[in-house]
Amino acid sequence: MSYLVLARKYRPRTFADVVGQEHVVRALSNALESQRLHHAYLFTGTRGVGKTTLARILAACFNCETGVTAAPCGDCPACAGIARGGFMDLIEVDAASRTGVDDTRDLLESAVLAPAQGRYKVYLIDEVHMLTTHSFNALLKTLEEPPEHVKFLLATTEAKKVPVTVLSRCLQFNLKNMRSDVIEGQLAKILAAEEIAAEPPGLAAIARAGNGSMRDALSIADQAVAHGSGAITLESVNEMLGVAGRDEIGALLAALSAADSERLLAAGDDLASRSLDLAGVLDDLQRAFHDLAVAAELKSEPEASYLRFGKSFSAEDLQLLYQIALMGRRDIELAPDPKIGFDMTLLRLASFEPVGSPDPTDADIPSPGDDAPQRLPVPDAQRLEPMSNVEGTATAVVGGAATVESREPTQATADWHEIVNAMAPEGVTAMILRNSNLTDRGPERWLIRLDSAHESLLNDKQRREIGRLATDYAGGKLRVDYEVGDLSDETPMARELRLAKESRERAETELMKDPNVRALVEEFGGSLDNARLLGDDGAREGSPP
């Protein structure tokens, strides 16, 4: 007998077998027990979370010979036929391969015929969002006035692509990504039933790799059993998946804690040389920073021994490190090479520090005995705070010291984007300036306002770089102060995005004027994803469309 993969062998046959989707199971069970049956159901969620499984169980509930029930017997011809995929009145359709309107019409012509075996004729349409507009229109007519013996079960990973006219005629159930601990528990039960030895850390690694999908986790478990010669160990799973183990993450934490950039990059080189998943390493670093932050907040010891290397990080350190790892993980796909993106993230982890230390450029500021504004000391732990204007006086807390000076409030400059472009900042410096407002611009002093989302990027190194760029632009000694608050004016980044959006909209409008383009879109149910007018100034000045 051929081997049956775990995902198929242990596919739930009843609601009692379903894990991780209790909210959907409860709603369906209550409706069935009270005989409140709808004619159309829509199951949404990411892949492998149980959409078609629940649909098939529901089909068995409708057609079980014991009657419409929330607990089908599993033994009658209807239940057995649905389980093995041989029930005549369960018509399963993959909309990804049958998108045409003729396919849909042919399918629905049989809806008027009475069921051949069961109580209801059930149409299960998977990935329903793939249907064309004309196919949806054909389906809609039957959804509006379905025969009494017909039930529609629709499943999709892209609910937003389903027309609202269809959504409004369905009972919609949103299936959640399954938690790792739920997947891990189910894996342990299944492997115990299969009498396969499995280490809990290995199962935890598989559960994380499943990324919320029980089906994916079971497929990975099948592969891990083969890779581990009939057993599952953490070392074997990590080797198979190409992910870093706890020792490797511990080495990165130790290098970070020691502020040893050379050792940190060397550890990264070692991971890359073994062809490990560098994006996955950043995921593991995020988990480590999260666990350390929780332990610090609860005044407890981290559970995992490898986290001891990160115990020296402060709460502020951990928040910043987590944010940097998160952004690095998001942007690694945009790097010219994953290793380059990974190295840059490691360098940011090593170089950045929370805002709050004194500004080293303060030594260049004239003493209070001169005509310079008076500087008043404040606690070292003070962070950037919003500026308050009171009777012509502006106060801004900057790097552990407050600046108080008399001046009249000024209007935000309208050419800040031009100034930033002329300064030509790079990297994080560009991120700071392109997401800020210049709220005061004088011949000797600028005041830059940041929002809270970008405050953590501003450290001593960035202050020095911004001060250098501003001084070069102004052509003379210039002091730059900072404040945090709401950005009332359009930032350079927001301006570029707006111009790019307007450019795309102009291009799409012009393109849709072409009757040939309109005909293609209407005939094939397509959509216009992107367009650009050659020579459009807005497209060139804004971010790439």
Side-chain angles (χ1 to χ4, degrees), residues 40 42 44-47 51 93-109 111 123 125-145 152 154-170 172 174 330-331 333-336 414-418 420-421 430 434-435 489-545:
L42 175 64
T44 68
T46 56
R47 71 180 192 278
K51 299 184 297 298
V93 180
D94 181 8
S97 59
R98 297 184 64 179
T99 61
V101 64
D102 291 337
D103 292 327
T104 305
R105 286 172 179 163
D106 292 342
L107 183 73
L108 296 176
E109 283 179 0
Y123 290 88
I125 306 178
D126 198 12
E127 297 300 344
V128 68
H129 68 274
M130 298 291 287
L131 294 178
T132 65
T133 301
H134 294 300
S135 295
F136 272 122
N137 290 337
L139 177 63
L140 186 60
K141 295 177 182 178
T142 306
L143 281 177
E144 289 174 341
E145 298 179 1
F152 286 97
L154 313 179
T156 179
T157 56
E158 299 281 352
K160 292 181 179 179
K161 295 183 178 179
V162 179
V164 293
T165 51
V166 173
L167 293 176
S168 64
R169 288 165 173 81
C170 299
Q172 184 171 341
N174 184 28
R330 183 195 64 189
D331 295 341
E333 303 297 336
L334 303 177
D415 57 348
W416 177 227
H417 62 280
E418 296 177 357
V420 172
N421 287 339
R434 285 156 59 84
N435 290 279
D489 298 313
E490 187 178 51
T491 65
M493 175 63 75
R495 181 179 185 274
E496 291 180 4
L497 293 175
R498 174 178 59 80
L499 291 176
K501 180 175 181 294
E502 292 173 356
S503 174
R504 287 194 300 270
E505 291 174 349
R506 287 194 299 271
E508 290 170 5
T509 299
E510 291 299 319
L511 196 55
M512 288 304 295
K513 291 179 180 179
D514 189 316
N516 294 322
V517 174
R518 289 200 308 273
L520 283 173
V521 170
E522 294 170 0
E523 178 66 23
F524 296 101
S527 62
L528 190 60
D529 290 337
N530 199 356
R532 182 169 66 88
L533 292 174
L534 296 178
D536 191 302
D537 292 339
R540 290 199 303 270
E541 188 169 353
S543 58

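Residue numbers start at 1 and run along the sequence shown.
- Between Phe152 and Leu143 there is a side-chain heavy-atom pair separated by less than 4.5 Å.
- Val420 approaches Pro492 most closely through the heavy-atom pair CG2-CG, 4.0 Å.
- Considering OG1 of Thr156 and CD1 of Ile125, their distance stands at 11.5 Å, rounded to 0.5 Å.
- Of the inter-residue distances, the one linking Lys513 atom NZ with Leu511 atom CG reads 11.0 Å to the nearest 0.5 angstrom.
- Annotation for Arg498: atom CZ counts as buried by contact number, over 12 foreign heavy atoms lying within 6.0 Å.
- Nearest heavy-atom pair, Ala95 versus Met130, reported as atom, atom and distance to 0.1 Å: O-CB, 3.7 Å.
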Exercise. List the steps, then state whether side-chain contact (heavy atoms from CB on, under 4.5 Å) holds for Trp416 with Thr491.
Key: CA-CA 8 Å; Trp416 177 227; Thr491 65; over 6 Å; no

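- Here the straight-line distance linking atom OG1 of Thr44 with atom CG of Asn174 works out to 3.5 Å at 0.5 Å rounding.
- Rounded to the nearest 0.5 angstrom, Glu490 CD and Leu497 CG are separated by 9.0 Å.
- Ion pairing of Glu510 with Arg506 is absent here, as no side-chain N (NZ or NE/NH1/NH2) approaches a carboxylate O to less than 4.0 Å.
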Self-check item: Val128 and Leu42: CA distance, side-chain angles, deciding distance, side-chain contact (heavy atoms from CB on, under 4.5 Å) verdict
Solution: CA-CA 9 Å; Val128 68; Leu42 175 64; 4.3 Å; yes

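- Across every non-hydrogen atom of Val166 and Phe136, the tightest pair is CG2-CD2, 3.8 Å.
- When atom types are taken as modelled, the side chain of Ser503 and the backbone of Leu499 share no donor-acceptor pair closer than 3.5 angstrom.
- Within 6.0 Å of the CD atom in Glu144, the count of heavy atoms belonging to other residues, nucleotides or ligands exceeds 12.
- With hydrogens and angles disregarded, no donor-acceptor distance shorter than 3.5 Å links the side chain of Lys51 to the backbone of Leu154.
- Taking the side chain as every heavy atom from C-beta outward, Glu496 and Asn421 approach each other to under 4.5 Å.
- Taking CD of Glu158 as the start and CD of Glu127 as the end, the distance is 8.0 Å to the nearest 0.5 Å.
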